[in-house]
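In what follows, a single structure is set out as structure tokens and then discussed.
For clarity, every value in this text was computed on a predicted model and none was experimentally measured. Ligands are counted one by one from 1 in listed order, and the atoms in each one are counted from 1 as well.
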Amino acid sequence: MPITVTSPLLPDLNEFNELLGQIWDSKWITNNGSFHKKLEAALCEYLKVPYVSLFTNGTLPLLTALQALRVTGEVITTPYSFVATTHSIWWNGCRPVFVDIDPATGNIDPDRIEAAITPKTTAIMPVHVYGKPCDTKRIQEIADKYGLKVIYDAAHAFGVEVNGESILNAGDMSTLSFHATKVYNTIEGGAMVMHDAETKKRIDYLKNFGFANEVEVVGPGINSKMDEIRSAYGLLNLRKVDTAIEARHQVAIRYREALRGIEGITFFDDMPGVRHNYSYFPVFVDEEKYGMTRDELYFKMKENGVLGRRYFYPLISEFSTYRGLPSATRENLPNAHKMADSVICLPMHHALKSEELEQIISIVSQQ
Ligand SMILES: Cc1ncc(COP(=O)(O)O)c(C=O)c1O
């Protein structure tokens, strides 16, 4: 059995069956049912945010946020992310403008944002890559100076806090993914976090075709509602997520202890004041110092039954839809290219066994 890069957090099957029984009895399986309501309330409390709207995945809240904020023209974003970030801009008929990343964090470099602003810019869409918080204060200052909206793709940032405050409260809106591969999952699923009841109401309309009531459609909505079965699954997984994050933390501690000092391998350390969620463990290979390229290590791991992931590689700006954009050139994005060309995410999940961890470490440390 190969060691996989991730493993889904699953609720207790008996408890899930019990809730399925309740759903069967109620015959209410979607459209803002009781589990949907309970999960939204429970997530507000867990995440320390005022309003949450559940979605059927983490891509649709990105699309819907841009719609709701009536974003047009150009949107500044990062090429070092999952492709859904940029796709959401494209699907809204806007032009993505790529800005290079800060190599210290992997996140969009705030120092480079202003140079990319034009009269057509209306929004910034940063990503908290690997759950590492962006410099939200700097980004907000720039947004306020130029009157721009900020939508955070927080797909990786479930439960991340800075000095005790949720990172999800930054910007105009933040979006989450609850995909099976994430720290917290509802199989497929996602959410949007917003600041006020009025926005929550609008978003709830938009995710249900724009229906405000039986006969009124107040906007060009879409269908992105989470169903009752996933909501119930999500309620159960919420009980387990803290234990899962702590197990991931222990994996990160062991990786750091074992890999620190391996010539040509670097990784991120925890940031001061941040509650991390340990969603990924990316390492960066300097081929000259390490004596092997990133891809050689990736395939060596694979031959030895360890499935890492080159995440994020290739850069979004390299995909055919986007590579013709003026901001997609290699010269504009040197740090992002360097990171994409050197990264491997090592297996990281709550159920990684210590023998598996040691096997991965021995391959990477070339023992
Ligand atoms: C940064 C980022 N944004 C958006 C998404 C899209 O989320 P989903 O797969 O739930 O649609 C993902 C998921 O992989 C992601 O990693």
Side-chain angles (χ1 to χ4, degrees), residues 4-9 39 43 52-67 75-92 96 98-99 101 105-108 123-134 136 150-160 167-168 170-171 173-193 207 222-227 230-231 233-234 237 248 268 276-282 308-317 319 321-322 336 339-340 343 345 348-349:
T4 51
V5 70
T6 188
S7 176
L9 181 66
L39 183 57
L43 284 170
V52 166
S53 183
L54 288 171
F55 277 74
T56 196
N57 58 50
T59 302
L60 285 160
L62 287 168
L63 282 172
T64 309
L66 292 163
Q67 272 291 313
V75 180
I76 290 175
T77 191
T78 170
Y80 194 75
S81 180
F82 185 65
V83 70
T85 313
T86 308
H87 281 347
S88 71
I89 298 168
W90 197 260
W91 271 67
N92 272 276
F98 296 114
V99 164
I101 59 167
T105 62
N107 292 330
I108 194 166
I124 310 172
M125 185 178 274
V127 181
H128 303 295
V129 176
Y130 308 128
K132 289 175 72 65
C134 290
T136 54
V150 185
I151 299 129
Y152 281 99
D153 181 342
H156 298 180
F158 186 89
V160 173
I167 192 74
L168 303 171
M173 290 167 181
S174 290
T175 66
L176 289 158
S177 165
F178 302 154
H179 183 254
T181 53
K182 299 292 190 275
V183 168
Y184 169 80
N185 82 86
T186 58
I187 308 175
E188 294 277 354
M192 190 191 294
V193 172
K207 76 177 183 192
I222 199 161
N223 180 8
S224 46
K225 307 181 296 292
M226 183 181 281
D227 61 68
R230 286 188 194 135
S231 303
Y233 176 108
N237 256 357
R248 288 167 171 272
F268 295 125
H276 290 280
N277 65 10
Y278 307 98
S279 45
Y280 301 90
F281 196 84
R309 188 171 173 202
R310 290 168 290 182
Y311 193 66
F312 298 103
Y313 167 83
L315 290 178
I316 303 174
S317 48
F319 293 127
T321 316
Y322 305 118
M339 197 166 272
V343 69
C345 285
M348 167 54 95
H349 56 83

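Of all the heavy atoms of Y311, the ones lying under 4.0 Å from any atom of ligand 1 belong exclusively to the side chain. For D153, every heavy-atom contact with ligand 1 shorter than 4.0 Å involves the side chain, none the backbone.
With hydrogens left out, the protein atom closest to atom 16 (O) of ligand 1 is H156 NE2, 2.8 Å, a heavy atom. Nearest non-hydrogen protein atom to atom 8 (P) of ligand 1 is G58 N, 3.4 Å. Of the protein's non-hydrogen atoms, F82 CD2, 3.5 Å is the one closest to atom 12 (C) of ligand 1. The single protein non-hydrogen atom nearest to atom 13 (C) of ligand 1 is K182 NZ, 3.0 Å, given as residue, atom name and distance.
Interface of A155 with ligand 1, defined as ligand atoms under 4.0 Å from a residue heavy atom, comprises 1 (C), 2 (C), 3 (N), 4 (C), 12 (C), 15 (C). Taking every heavy atom of S81 and a limit of under 4.0 angstrom, the matching atoms of ligand 1 come to 1 (C). Those atoms of ligand 1 with a heavy atom of S177 less than 4.0 angstrom away are 7 (O), 8 (P), 10 (O).
F178 and Y184 have perpendicular rings, their planes meeting at more than 60° on a 0 to 90° scale where under 30° would count as parallel. Aromatic ring orientation, W90 versus Y322: perpendicular (interplanar angle above 60°, classes split at 30° and 60°).
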field: Check against side chain to side chain donor-acceptor pair (under 3.5 Å), K207 and S53
entry: CA-CA 9 Å; K207 76 177 183 192; S53 183; 2.9 Å; yes
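Looking at heavy atoms from C-beta onward, L176 lies in side-chain contact with V193 at the 4.5 angstrom threshold. Side-chain atoms of H128 and T136, non-hydrogen and from C-beta on, do get closer than 4.5 Å to each other. Contact check for V343 versus Y80: side-chain heavy atoms found under the 4.5 Å cut-off. Residues T181 and N185 fail the side-chain proximity criterion, which asks for heavy atoms closer than 4.5 Å. Here the side chains of V99 and T78 are not in contact, with every heavy-atom distance at 4.5 Å or above.
The residue from T59, L176, V129 that puts a heavy atom closest to atom 11 (O) of ligand 1 is T59.
Using 4.0 Å as the threshold, Y130 has no heavy atom nearer than that to any atom of ligand 1. Look at E188 and you'll find every heavy atom at least 4.0 Å from all atoms of ligand 1. The shortest separation from a heavy atom of G189 to ligand 1 is under 4.0 Å, placing the residue in contact.
A cation-pi geometry, defined here as NZ or CZ lying under 6.0 Å from the six-membered ring centre and within 45° of its normal, does not hold between K225 and F55.
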